[in-house]
Amino acid sequence: MSSESVLRIVWVYPDLLSTYGDRGNMLILTRRGELRGIDVRCDEVRSDQRVPAEGDIYLLAGGEDAPQTLAAERLLADGGLRRAVDRGAVVFAVCAGYQLVGESFAARDRQYAGLDLFDLRSDRGASRAVGELAGTVDAELGLPTLTGFENHGGRTSLGPGVRPLATVAVGVGNDGHTEGAWTTGLLGTYAHGPALSRNPALADLLLRWATGREDLEPLDDIWHERLRAERLNAIGVT
């Protein structure tokens, strides 16, 4: 957490990367922090602005091919996100944002250089993955079943530097077998929903990473749990 004891959340390029309600991830993190007495500051950094390296949590969301490639180009030139990761900031990346933080990704019938923050590469799949996405989260994270909605044409291969976020039960995710990727401080997923509303425990994991607090008090998650139950029951996942 920053030296002034403010949790600084940075939403990267909302003018380019913002689909399927992914702005909700910022709102969920902010609310869950504030309910625990954490002073939270949110910065929405547009693509014509410098990405500050002083943030605590960086959010990258979904987007179409052209905005995704432009975002990658500008983030590579800017360097702020790389500097933030080097100093220990947390990154949560969804869909197009997840692909572009890897080594490379496919868009507009060619490969583009990613930010190389994650040890992964993305290419085009034979068909588009659209629909509900669910899976069993890596046991080391201690989280319940992942639930979300996916809509992407990519397939993602993970290198040895990261672990899958989940094993797929329904949907496609990375490749029909695994979904997302994580290493301490960095987490990516194909799940929209928004992901942190459907998976509040995942939001709390990001808050623990960013604040160093392992003792986050529990919150009343009755409405989150009703949403989770409805979505998981609809696809026959318990």
Side-chain angles (χ1 to χ4, degrees), residues 1-34 38-108 110-118 120 122 151-152 154 181 185-197 202-203 206-207 209-211:
M1 220 159 121
S2 58
S3 59
E4 65 252 28
S5 298
V6 174
L7 181 69
R8 188 174 180 186
I9 299 173
V10 180
W11 185 16
V12 179
Y13 295 177
D15 55 326
L16 298 179
L17 304 173
S18 179
T19 58
Y20 302 113
D22 288 335
R23 185 174 191 273
N25 291 324
M26 180 180 68
L27 301 178
I28 292 293
L29 281 172
T30 300
R31 182 61 174 161
R32 295 183 77 81
E34 290 175 343
I38 299 171
D39 190 3
V40 181
R41 169 182 168 182
C42 294
D43 294 325
E44 298 186 19
V45 179
R46 298 176 65 85
S47 59
D48 60 351
Q49 298 175 308
R50 182 185 69 85
V51 177
E54 302 79 24
D56 298 300
I57 302 177
Y58 290 77
L59 304 176
L60 294 97
E64 298 179 352
D65 283 6
Q68 181 188 27
T69 58
L70 181 57
E73 176 186 317
R74 293 190 176 182
L75 286 169
L76 283 167
D78 179 272
L81 185 56
R82 163 62 69 182
R83 290 191 294 273
V85 169
D86 288 345
R87 50 166 285 274
V90 172
V91 174
F92 180 60
V94 176
C95 200
Y98 168 45
Q99 293 179 356
L100 72 81
V101 297
E103 179 184 297
S104 63
F105 64 93
R108 301 192 289 186
R110 55 166 286 198
Q111 289 293 121
Y112 289 84
L115 305 183
D116 205 16
L117 303 178
F118 273 83
L120 56 86
S122 298
N151 185 350
H152 60 95
L186 304 175
L187 197 150
T189 180
Y190 276 112
H192 300 282
L196 299 186
S197 181
L202 186 56
L206 298 174
L207 290 172
W209 280 350
T211 63

**Asked** Which pair of non-hydrogen atoms, one from A181 and one from L120, has the smallest distance, and what is that distance?
**Response** CB-CD2, 3.9 Å
**Message:** So D56 and V90, do their side chains get closer than 4.5 Å, heavy atoms only?
**Reply:** no
**Prompt:** Looking at residues at least two apart in the chain, or sitting in another chain, which of them share a side-chain hydrogen bond (donor to acceptor under 3.5 Å, both in side chains) with R46?
**Reply:** none
**Message:** Is there a side chain to side chain contact (heavy atoms under 4.5 Å, CB included) between I57 and L29? Walk through the geometry before answering.
**Reply:** CA-CA 9 Å; I57 302 177; L29 281 172; 4.1 Å; yes
**Asked** How many angstroms lie between CG in D39 and CG in L7, if you round to the nearest 0.5 Å?
**Response** 9.0 Å
**Complete:** By salt bridge (charged side-chain N to carboxylate O under 4.0 Å, His left out), E73 pairs with (sequence neighbours left out) none
**Request:** Kindly write out the residues that satisfy side chain to side chain contact (heavy atoms under 4.5 Å, CB included) with Y112, not counting sequence neighbours, or none if the list is empty.
**Result:** T69, F105, A107, R108, R110
**Prompt:** Does the side chain of V94 come within less than 4.5 Å of L59's, by heavy atoms?
**Reply:** no
**Message:** Checking the side chain of R87 only, and the main-chain atoms of A53 only, is there a donor and an acceptor separated by less than 3.5 Å?
**Reply:** yes
**Pairwise side-chain contact, R74 with D78, heavy-atom cut-off 4.5 Å (strictly under)** = no
**Item:** Side chain to side chain, V91 and L81, heavy atoms closer than 4.5 Å
**Value:** yes
**Fill in**
Sorted by chain and number, sequence neighbours left out, salt bridge (charged side-chain N to carboxylate O under 4.0 Å, His left out) with R82 holds for D86
**Message:** Nearest 0.5 Å, please: how far is OG in S104 from CG in L115?
**Reply:** 11.5 Å
Could you pull out all donor-acceptor pairs under 3.5 Å where a side-chain atom in residues 9-18 meets a protein atom, sequence neighbours excluded?
| from | atom 1 | to | atom 2 | distance (Å) |
| --- | --- | --- | --- | --- |
| D15 | OD1 | S47 | N | 3.1 |
| D15 | OD2 | S47 | N | 3.3 |
| D15 | OD2 | S47 | OG | 2.7 |

**Complete:** Here the salt bridge (Lys or Arg N to Asp or Glu O under 4.0 Å) pairs for residues 89-101, sequence neighbours left out, are none
**Item:** Under the side-chain hydrogen bond (donor to acceptor under 3.5 Å, both in side chains) test, residues paired with D22 that sit two or more places apart
**Value:** H192
**Request:** List in chain and number order the residues that pass salt bridge (charged side-chain N to carboxylate O under 4.0 Å, His left out) with R23, two or more places apart in sequence or in another chain; answer none if no residue qualifies.
**Result:** E44
**Message:** Tell me whether E64 at atom CD has more than 12 heavy atoms from other residues, nucleotides or ligands lying less than 6.0 Å away.
**Reply:** no
**Asked** For the side chain of D116 and the backbone of G102, is there at least one donor-acceptor N/O pair under 3.5 Å apart?
**Response** no
**Asked** Is any side-chain heavy atom of L75 less than 4.5 Å from a side-chain heavy atom of V51?
**Response** yes
**Complete:** Sorted by chain and residue number, the side-chain hydrogen bond (donor to acceptor under 3.5 Å, both in side chains) partners of E34 (sequence neighbours excluded) come out as none
**Prompt:** What pairs of residues pass the ring-ring contact (aromatic ring centres under 6.0 Å, His included) test when at least one of them lies in residues 38-68, not counting sequence neighbours?
**Reply:** none
**Asked** Can you tell me how far OH of Y98 sits from OG1 of T189, rounded to the nearest 0.5 angstrom?
**Response** 7.5 Å
**Residues forming a side-chain hydrogen bond (donor to acceptor under 3.5 Å, both in side chains) with D65, sequence neighbours excluded** = R124
**Request:** Working to the nearest 0.5 Å, report the span between OG of S5 and CD1 of I38.
**Result:** 11.0 Å
**Item:** Partners meeting ring-ring contact (aromatic ring centres under 6.0 Å, His included) with F92 (sequence neighbours left out)
**Value:** none
**Asked** Atom CG in L117, atom CD in E103: separation rounded to 0.5 Å?
**Response** 12.0 Å
**Item:** Reported CG-to-SG distance for the pair L27 and C42, which is rounded to 0.5 angstrom
**Value:** 7.5 Å
**Prompt:** Do D43 and R8 meet the salt-bridge criterion of a basic N to acidic O distance under 4.0 Å?
**Reply:** yes
